[in-house]
There are 2 protein chains.
Amino acid sequence: MPGNETTELSRARRRGFFNIGEAAAASGVSARMIRHYERIGLIPPANRTFGNYRIYSDNDVHTLRFIGRARKLGFSVEQIELLLSLWQDRNRSSAEAKRLALEHVAELEAKIRELQGMRDALKTLADRCHGDDRPDCPILEDLADASR
Amino acid sequence: MPGNETTELSRARRRGFFNIGEAAAASGVSARMIRHYERIGLIPPANRTFGNYRIYSDNDVHTLRFIGRARKLGFSVEQIELLLSLWQDRNRSSAEAKRLALEHVAELEAKIRELQGMRDALKTLADRCHGDDRPDCPILEDLADASR
DNA sequence: CCTGCACCTTGTCATCGTGACAAGGTCAAG
DNA sequence: CTTGACCTTGTCACGATGACAAGGTGCAGG
């Protein structure tokens, strides 16, 4: 082919763009998940090079970092969608973000309480189990019988 | 057809067997999950009536209750498989059951700590957010910037 | 210029436990 | 016999992620 479009990826890189692997390394979100977030619509479809490689700007990477941090705080993708729209809304009220955060805190606490309940029940049983060679075991007995 | 095998389900019922719905109600494990546990091999394939309905004995229901309680304590199916084999082993040592229980307690505590970490981080941010009509919000700022 | 390697593309399957639905068979009662 | 409740199997879905496969792209070294 005439015209010689160079590679287009190297040009993009020279202009400061990232391919997906670089964006992943820079944002802390795996390439796998970046593609996933694109497919489910959490992020818009990335621009492509002539070779069909996705390219990302600094701004895109910034967004990915935002998403990664929100995930680490346990926000669901659905919640992150809301957080992103708030983040990108210059006229947002902080009240909305706070409401979302506190709602998630409540979810976390409910889950924590649930796990603590399991832990306490199990710990009580384990404490009552002598844990030697004999077969009698309050743990198994409790699982077997409703009475406890 | 000659022979008139009665229904075979009603006979099974008269002998004290349960169909899957009754077993579900009696054990607290949904019919859906009973089939699932059978398919993945946690429980052996149920006997069938001529009409191909699964039938369950009191003993089977007892096992299902055991499984249901273990699930409520957060044991994984894999762990339950071990617990079941211990339960059914007359020569088991209680030490093994205790080990499994304490192992699961440790898993629960790890998960609890993880969630508490999220909750604390988020709570700190939310506390610093005034939550009014103004747009500036430490929560969103933190998600956006690495520095914190 | 060719080759090889690293990385990209898409797709599918698996995880774990559960819900929901669909299309068809069985059962019991009216 | 009809009706309705329940059973059978199968598939799709969730949530977020990993792993793998088969094929294309890009770049550097020979």
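A, B, ... follow the sequence lines: proteins, then strands. Residue 1 opens every chain. This structure is a prediction, so every number in the text was calculated from the model and none was measured.
- A 6.0 Å sphere centred on CG of A:D133 holds no more than 12 heavy atoms belonging to other residues, nucleotides or ligands.
- D:dA13 atom C1' lies 13 Å from atom NE2 of A:H36, rounded to whole Å.
- End-to-end axis angle of the helix from C:dC1-D:dG30 to C:dG30-D:dC1, using five pairs per end and rounding to 10°, comes to 30°.
- Using modelled atom types, one side-chain atom of B:S94 and one backbone atom of A:D132 make a donor-acceptor pair closer than 3.5 Å.
- Between the CZ atom of B:F17 and the C1' atom of C:dC27 there is a distance of 19 Å, given to the nearest Å.
- Contact between the side-chain N/O atoms of A:Y37 and the OP1/OP2 oxygens of D:dT17 is found at a separation under 4.0 Å.
- In this structure, A:M33 and B:N52 both approach DNA chain D, and ranking their closest nucleotides by distance from the 5' end singles out B:N52.
- A close approach under 4.0 Å does not occur between any side-chain nitrogen or oxygen of B:R54 and OP1 or OP2 of D:dC7.
- At least one side-chain heavy atom of A:F66 sits under 4.5 Å from a side-chain heavy atom of A:W87.
- Electrostatic pairing of A:K111 and A:E107 does not count as a salt bridge here, judged by no charged N lying under 4.0 Å from a carboxylate O.
- For C:dT10, the OP1/OP2 oxygens have a side-chain nitrogen or oxygen of A:R48 closer than 4.0 Å.
- Closest-nucleotide positions on DNA chain C for B:E78 and A:A31 were compared, and the one nearer the 5' end corresponds to A:A31.
- Residues that satisfy the side chain to side chain contact (heavy atoms under 4.5 Å, CB included) test with A:L86, not counting sequence neighbours, are A:R92, A:E96, A:A97, A:L100, B:L140.
- Closest to the side chain of A:Y53, from the set D:dT17, D:dG18, D:dG24, is D:dG24.
- D:dA16 atom C1' lies 16 Å from atom CG of A:L64, rounded to whole Å.
- For B:V77, whose side chain is taken as the heavy atoms from C-beta onward, the closest listed nucleotide among D:dC7, D:dG26, C:dG17 is C:dG17.
- Out of D:dG18, D:dT8, C:dG17, the shortest distance to the side chain of B:I20 is found at D:dT8.
- Contact annotation: B:R32 does not reach the phosphate of C:dA20 (side-chain N/O to OP1 or OP2, under 4.0 Å).
- Put simply, A:R71 has a side-chain N or O that comes within less than 4.0 Å of OP1 or OP2 on D:dT17.
- Regarding contacts with the backbone of D:dC7, a side-chain N or O of B:N19 is found under 4.0 angstrom from either OP1 or OP2.
- To the nearest angstrom, P of C:dC7 lies 16 Å from OH of A:Y56.
- Side-chain contact check for A:D60 and A:S57: at least one donor-acceptor pair (N or O, by modelled atom type) lies under 3.5 Å.
- A straight line from CD of A:E22 to C1' of C:dA6 spans 12 Å, rounded to a whole angstrom.
- B:E38 places a side-chain N or O within donor-acceptor distance of the main-chain N or O of B:A46, the cut-off being under 3.5 Å.
- Distance CD (A:E81) to C1' (D:dG15): 14 Å, rounded to an integer number of Å.
- The separation between B:N47 atom CG and D:dT8 atom P is 13 Å, rounded to whole Å.
- In this structure, CD of B:E38 is placed 13 Å from C1' of D:dC7, rounded to the nearest angstrom.
- For C:dG17, neither phosphate oxygen OP1 nor OP2 lies less than 4.0 angstrom from any side-chain nitrogen or oxygen of B:R39.
- Looking only at side-chain heavy atoms (C-beta outward), A:Y56 and A:I34 come within less than 4.5 Å of each other.
- For B:S76, no side-chain nitrogen or oxygen approaches OP1 or OP2 of C:dC16 to under 4.0 Å.
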